[in-house]
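Have a look at the structure below before the remarks.
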Number of protein chains: 2
Amino acid sequence: MQMCPMSTHTENCLLCKARKPGWFCNLAPQALAEYDAMSSHVMLPMGSILFAEGQAARSVSVVCEGRIKLSRSSQDGKTLLVKIAKPGDVLGLSAALSKTPHEVTAQAIEHAQIKNFQQSDFLHFIQRHVEGSLHAAESLSNEYRTALSDACRLALSSSIAGRVAHLLLELAIEGGTDQDVHPEIHMPLTHEDLASMLGSSRESITRALNNLRRSGTISIRGTKLTILKKESLEMLL
Amino acid sequence: MQMCPMSTHTENCLLCKARKPGWFCNLAPQALAEYDAMSSHVMLPMGSILFAEGQAARSVSVVCEGRIKLSRSSQDGKTLLVKIAKPGDVLGLSAALSKTPHEVTAQAIEHAQIKNFQQSDFLHFIQRHVEGSLHAAESLSNEYRTALSDACRLALSSSIAGRVAHLLLELAIEGGTDQDVHPEIHMPLTHEDLASMLGSSRESITRALNNLRRSGTISIRGTKLTILKKESLEMLL
DNA sequence: ATTGACATGTGATGCACATCACACAGCTGC
DNA sequence: GCAGCTGTGTGATGTGCATCACATGTCAAT
């Protein structure tokens with residue numbers, strides 16, 4: 001967690017508490033000033049929709065506070081939960097770079113705060129600052145990798161139990177406490193959410209989690225999920 | 001299809017015939033020279049493996065000729081066919097930018113030819129040339145979008161028929177002849193390949209395709225697949 | 001023509017999971 | 001206290017598809 005080089009900026013913007021300090025606190029001061037000048041702060045009340053799937057993309061945003069749900073739906077009402085964006089995450093990047101409509105819907109699931117950029121301003125900025133475009137590339141690289149992982153989880157683990165295990169292990173790695181013996185995951189996700197991340201039904205997730213609990217593989221207290229037997233999860237592939 | 005600005009270069013490198021002329025023929029002449037100087041041409045015999053899943057990433061490559069299969073496997077032998085890379089595609093980009101091991105295995109399924117860069121050279125190059133890092137970002141953006149699409153196909157279309165329809169429609173768009181009444185798809189893919197793109201079994205794909213043939217929705221002659229009733233495919237979601 | 005390797009077609013079987021249906025728990029706001 | 005909502009637990013039922021098992025087709029090599 002590194003501090004933002006501009007002290008005045010530190011006070012104004014919550015982003016400096018973000019998990020990805022690389023995103024813009026690493027910009028050279030002069031680029032940072034420019035970056036800051038062209039951004040506007042926006043408050044998103046819980047439930048509000050920042051942009052929707054299929055909409056023309058007009059802005060790029062960086063999450064400062066709160067969680068934003070990124071999802072994609074099919075005609076018949078099914079929904080894939082793509083990601084829960086957290087402070088530091090960039091939204092609308094891929095749409096801006098590919099000059100295509102938004103590929104997902106972004107909805108605030110808590111009261112949230114973002115930094116907002118006109119798409120044209122943003123593109124112009126990264127065209128003039130290598131650091132910016134590199135950060136964009138890195139960010140997209142990570143999004144690509146997680147999307148690929150999602151696809152693999154869905155395609156390769158035939159059983160629901162396998163998919164759940166895979167997801168839990170990934171959340172544990174992402175959660176930071178990596179080589180912990182008993183990694184804990186903070187999961188403010190309903191079974192419904194998990195189901196729509198795993199392309200499954202709510203009931204199946206309930207049953208799968210309970211099986212894991214009963215076999216002593218995991219334990220759940222509130223939003224805290226603890227992995228007790230990592231090997232058991234890995235055995236489910 | 002635009003010509004490469006350096007005429008000598010045009011003769012040396014088949015990449016100028018690539019589908020994504022944006023990748024490096026758009027570089028300013030001085031950057032292009034530098035780019036060219038640090039690359040080496042490599043021939044890949046059919047079947048050879050450029051890199052494998054989990055390997056430390058040491059280079060970045062651009063496909064000049066031939067097709068490269070990108071896949072990912074699970075312990076129990078199942079394989080997800082991620083993509084068939086074609087001339088102009090960049091390989092190893094995401095591993096380089098995230099500084100992580102390769103996330104897929106790359107195998108030449110034809111005699112192929114690539115331009116190869118030491119990872120460090122490549123990273124250094126894009127750190128000094130905005131055009132380069134922008135191209136990288138765009139490229140990753142596209143990869144992200146297709147990976148996301150794959151995930152959605154797997155998660156949202158419950159039935160095999162739906163997944164097949166979805167894939168065919170996407171291949172048709174990608175294939176270029178977009179608003180054609182009866183889009184044709186050149187598909188040098190076996191049913192086995194399709195199955196491992198769709199997380200399904202070979203037999204199911206055979207049956208699904210034959211159902212579509214019999215209902216007059218598509219027709220197949222050799223590697224040429226023609227979509228006769230686009231609406232019927234869309235109806236399967 | 002014969003062999004072999006690989007792609008495709010097709011039936012029979014069983015099971016994992018979606019779906020429906022309902023019960024209960026916890027929490028909020030009156 | 002009650003009502004209302006959202007999340008969770010659990011049985012019963014039907015089915016889509018993976019899986020197994022072969023048959024047939026296609027193309028190359030010798």
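These numbers come from the heavy atoms of this one structure, side chains and all, not from hydrogens, waters or symmetry mates. A note on names: the letters A, B, ... follow the listed sequences, proteins ahead of strands, and every chain is numbered from 1.
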Nearest-0.5 Å distance that lies between atom OG1 in A:Thr217 and atom CG in A:Leu236 =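 Taking OG1 in A:Thr217 and CG in A:Leu236, the distance rounds to 7.5 Å.
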
CG on A:Leu237 to CG on A:Leu233, rounded to 0.5 Å =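 Separation between the atoms: 11.5 Å.
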
Within residues 156-168 of chain A: residues closer than 4.0 Å to DNA chain C (heavy atoms) =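 Output list: A:Ser158, A:Ser159, A:Ile160.
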
key: B:His186-B:Thr223 side chain donor-acceptor pair, cut-off 3.5 Å   =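 Indeed, the side chains of B:His186 and B:Thr223 share at least one donor-acceptor pair under 3.5 Å.
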
inquiry  = Assess, by modelled atom type and distance only, whether the side chains of A:Ser149 and A:Thr146 contain a donor and an acceptor separated by less than 3.5 Å.
reply    =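 The answer is no; no qualifying pair exists.
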
When you compare the side chain of [Y] with that of [X], does any pair of heavy atoms fall below 4.5 Å?
| X | Y | answer |
| --- | --- | --- |
| B:Leu209 | B:His191 | yes |
| B:Glu143 | A:Ser141 | no |
| A:Lys224 | A:Glu184 | yes |
| B:Ile227 | B:His182 | no |
| A:Leu50 | A:Thr105 | no |

Nucleotide [N], atom [atom2] - distance to [atom1] of [X] in whole Å:
| X | N | atom1 | atom2 | value |
| --- | --- | --- | --- | --- |
| B:Arg207 | D:dC17 | CZ | P | 11 Å |
| A:Leu209 | D:dT10 | CG | P | 12 Å |
| B:Leu194 | D:dA18 | CG | C1' | 17 Å |
| B:Glu203 | D:dA23 | CD | C1' | 13 Å |
| A:Ile205 | D:dG9 | CD1 | P | 12 Å |
| A:Glu192 | D:dC5 | CD | C1' | 14 Å |

task = Would you check if the side chain of A:Ser71 reaches a backbone N or O of A:Val82 as a donor-acceptor pair within less than 3.5 Å?
result =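 Not confirmed, A:Ser71 side chain does not pair with A:Val82 backbone.
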
request  = Extract, from 5' to 3' on DNA chain C, the first and final nucleotides lying under 4.0 angstrom from some heavy atom of chain A.
outcome  =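 Contact boundaries, 5' end first: C:dC17 to C:dA21.
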
inquiry  = I want to check one thing: is the phosphate of D:dT6, taken as OP1 and OP2, less than 4.0 Å away from some side-chain N or O of A:His191?
reply    =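 It does not, given that no N or O in the side chain of A:His191 lies less than 4.0 Å from OP1 or OP2 of D:dT6.
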
ask   = Looking at B:Ser204, does any N or O in its side chain come under 4.0 Å of the phosphate oxygens OP1/OP2 on D:dC17?
value =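 No, because none of the side-chain N or O atoms of B:Ser204 sits under 4.0 Å from OP1 or OP2 of D:dC17.
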
request  = Would you kindly compare B:Arg202 and A:Arg213 by the position of their nearest DNA chain D nucleotide and give the one closer to the 5′ end?
outcome  =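 This one resolves to A:Arg213.
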
task = State whether B:Asp150 and B:Lys83 are salt-bridged, where the test is any N-O pair (Lys NZ or Arg NE/NH1/NH2 against Asp/Glu carboxylate O) under 4.0 Å.
result =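 So B:Asp150 does not pair with B:Lys83 through a salt bridge.
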
message = Need one value for B:Ser201: base, sugar-phosphate or nothing, where a base atom within 4.0 Å counts as base even if backbone is also close, heavy atoms only.
response =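 If one applies the 4.0 Å heavy-atom cut-off, B:Ser201 turns out to touch a base.
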
ask   = In degrees, rounded to 10°, what is the bend between the two ends of the helix from C:dA1-D:dT30 to C:dC30-D:dG1, using five pairs at each?
value =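 Terminal axis comparison yields 40°.
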
